[in-house]
Amino acid sequence: MAVNMKGKSLISINDLTVEEIYQIFEVSKTLKEELYTGKPHKLLEGKTLGMIFAKPSTRTRVSFEVGIYQLGGIGLYFGPNDLQLKRGESIADTAKVLSRYLSGIMIRTFSHQDVIDLARFGSIPIINGLTDLLHPCQVLTDLFTILEKKRVLKGQKLVYIGDGNNMAHSLLHGCSKVGMDVVIASPSGYTPDEEIVKNAKRNAAYMGSKVEIMTDPIAAVKDADVVYTDVWASMGQEAEAADRKKKFMKFQVNEELVKHAKDDYLFMHCLPAHRGDEVTNEVCDSPNSVIFDEAENRLHVQKAIMALVM
Ligand code: CP
Ligand code: NVA
């Protein structure tokens with residue numbers, strides 16, 4: 001039975017029920033098929049999506065903007081210098097004002113609390129397009145991509161190698177919710193947030209799966225169905241990039257490391273990739289790599305999210 005998600009904000013995968021997650025996948029699949037077969041699906045005719053970007057973006061911006069257009073609505077882009085937020089207008093006032101004009105807001109910013117506050121003070125759905133803490137739209141897309149390729153999520157083992165960052169956090173939320181085993185291998189000092197790990201362990205226990213945090217990438221990747229990595233220095237951490245590069249070199253996803261995964265493992269990366277750092281060209285461009293299908297699916301999954309909540 002369909003779950004009504006209208007009006008709901010998407011700030012963290014952890015706020016979604018398993019039924020809501022699978023409903024997003026169902027709608028994504030339908031919209032993808034309809035797009036391929038030229039069937040119109042103007043589900044958001046006349047609706048407006050505000051897109052606030054305090055950080056750069058290729059995939060998120062283009063997929064949301066094209067997505068709202070394909071659904072019959074329009075997207076308004078606000079860069080880092082465009083809104084009065086830049087000059088100190090509060091998140092609360094911004095949320096209240098924008099709620100009078102728009103049907104929904106997608107926001108990419110630094111502080112996760114700002115997104116929570118936008119939803120708290122606004123009266124329209126807020127979609128998290130990445131914060132320093134989480135990247136839920138990316139991980140919902142990743143799970144949808146794994147489902148397309150492997151036909152099932154429960155019981156698959158996803159191994160994330162690298163920084164315990166926003167991607168690691170949302171993967172912990174998402175994989176544990178759907179009953180996948182998730183292993184995170186990070187250098188010590190760069191492991192994921194402990195509260196998020198605890199919470200993922202609770203989700204996993206309920207679903208009969210496992211969550212492990214390790215510092216040995218080779219042990220972690222053993223028998224992986226999915227090997228995932230992300231940049232070593234995220235947006236906003238540019239000053240630490242050189243220091244991190246030294247500390248993370250052992251965590252590079254290269255041909256030697258992926259030998260320990262299953263033969264039919266999927267290589268995934270949210271992109272942008274820093275080829276030669278966290279991943280080599282050989283792995284990125286290997287037949288196991290699904291990075292461009294993953295990027296394409298951002299469009300289909302975010303259209304589903306918008307269609308369901310707006
Ligand atoms: N993966 C992702 O969010 O890419 P962008 O930073 O290009 O939006
Ligand atoms: N961890 C990366 C993800 C980019 C999509 C960042 O926050 O920059």
Side-chain angles (χ1 to χ4, degrees), residues 10-13 28 49-68 75 77-80 105-115 127-146 158 160-174 184-187 190-193 196 226 228-242 244-245 247-248 251-253 266-275 277-279 284 289-303 305-306:
L10 172 51
I11 297 177
S12 163
I13 296 180
S28 306
L49 177 76
M51 303 187 300
I52 304 177
F53 281 92
K55 292 177 174 177
S57 167
T58 297
R59 282 142 289 268
T60 306
R61 180 190 173 171
V62 179
S63 55
F64 266 105
E65 197 162 339
V66 170
I68 184 74
Y77 170 80
F78 307 111
I105 295 174
M106 178 261 114
I107 177 167
R108 163 169 291 194
T109 193
F110 294 86
S111 153
H112 191 70
Q113 189 59 44
D114 282 355
V115 180
I127 301 171
N128 178 357
L130 178 146
T131 64
D132 288 347
L133 192 72
L134 299 176
H135 197 1
C137 292
Q138 178 68 53
V139 170
L140 286 168
T141 302
D142 298 335
L143 296 177
F144 176 72
T145 308
I146 298 167
L158 181 142
Y160 172 94
I161 309 280
D163 188 23
N165 60 12
N166 43 13
M167 280 308 310
H169 293 155
S170 282
L171 285 166
L172 280 163
H173 281 155
I184 309 280
S186 311
Y190 296 90
T191 50
D193 178 86
I196 292 180
V226 180
Y228 203 115
T229 191
D230 183 19
V231 290
W232 292 336
S234 285
M235 290 179 274
Q237 297 174 331
E238 288 75 12
E240 295 173 41
R244 283 172 172 257
K245 195 167 171 157
K247 293 179 175 147
F248 280 77
F251 291 77
Q252 184 186 65
V253 177
L266 301 178
F267 172 69
M268 302 184 83
H269 191 310
C270 54
L271 304 179
H274 289 175
R275 290 166 176 249
D277 285 353
E278 76 272 7
V279 62
C284 247
S289 173
V290 294
I291 55 176
F292 298 114
D293 293 333
E294 193 185 350
E296 179 195 320
N297 280 337
R298 291 291 299 277
L299 173 69
H300 311 302
V301 172
Q302 289 161 186
K303 279 167 71 181
I305 294 168
M306 289 190 281

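Sequential numbering from 1 along the given sequence is applied to the chain's residues. All values reported here derive from a predicted model rather than from experimental measurement. For ligands, and for the atoms within them, numbers begin at 1 and follow the listed sequence.
- No side-chain heavy atom of Q138 sits less than 4.5 Å from a side-chain heavy atom of L130.
- In this structure, ligand 1 sits under 4.0 Å from heavy atoms belonging to S57, T58, R59, T60, R108, H135, Q138, C270, L271, R298.
- Partners of E296 under the side chain to side chain donor-acceptor pair (under 3.5 Å) rule, at least two apart in sequence or in another chain, are Y36, H300.
- Judged by distance alone, with hydrogens and angles left aside, the side-chain atoms of H169 form a donor-acceptor pair with the main-chain N or O of L133 at under 3.5 Å.
- Of the residues E65, Q302, R108, the one that meets the side chain to side chain donor-acceptor pair (under 3.5 Å) test with T60 is R108.
- Here D132 pairs with K55 in a salt bridge; the nearest charged N to carboxylate O distance falls below 4.0 Å.
- Between H112 and N128 there is a side-chain heavy-atom pair separated by less than 4.5 Å.
- For the ring pair (Phe, Tyr, Trp, His ring centres under 6.0 Å) test, no residue two or more places apart in sequence or in another chain qualifies with F251.
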Measure and list all N/O to N/O distances between ligand 2 and the protein that fall under 3.5 angstrom.
| residue | atom | partner | partner atom | Å |
| --- | --- | --- | --- | --- |
| ligand 2 | 1 (N) | N165 | ND2 | 3.3 |
| ligand 2 | 1 (N) | N166 | OD1 | 2.8 |
| ligand 2 | 1 (N) | D230 | OD2 | 2.6 |
| ligand 2 | 1 (N) | S234 | OG | 2.7 |
| ligand 2 | 7 (O) | N166 | ND2 | 2.8 |
| ligand 2 | 7 (O) | S234 | OG | 3.4 |
| ligand 2 | 8 (O) | M235 | N | 2.8 |

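- Within the 4.5 Å cutoff, the side chain of F248 has no heavy atoms near those of the E278 side chain.
- Partner of F53 under the ring-ring contact (aromatic ring centres under 6.0 Å, His included) criterion, out of Y77, F78, F64: Y77 alone.
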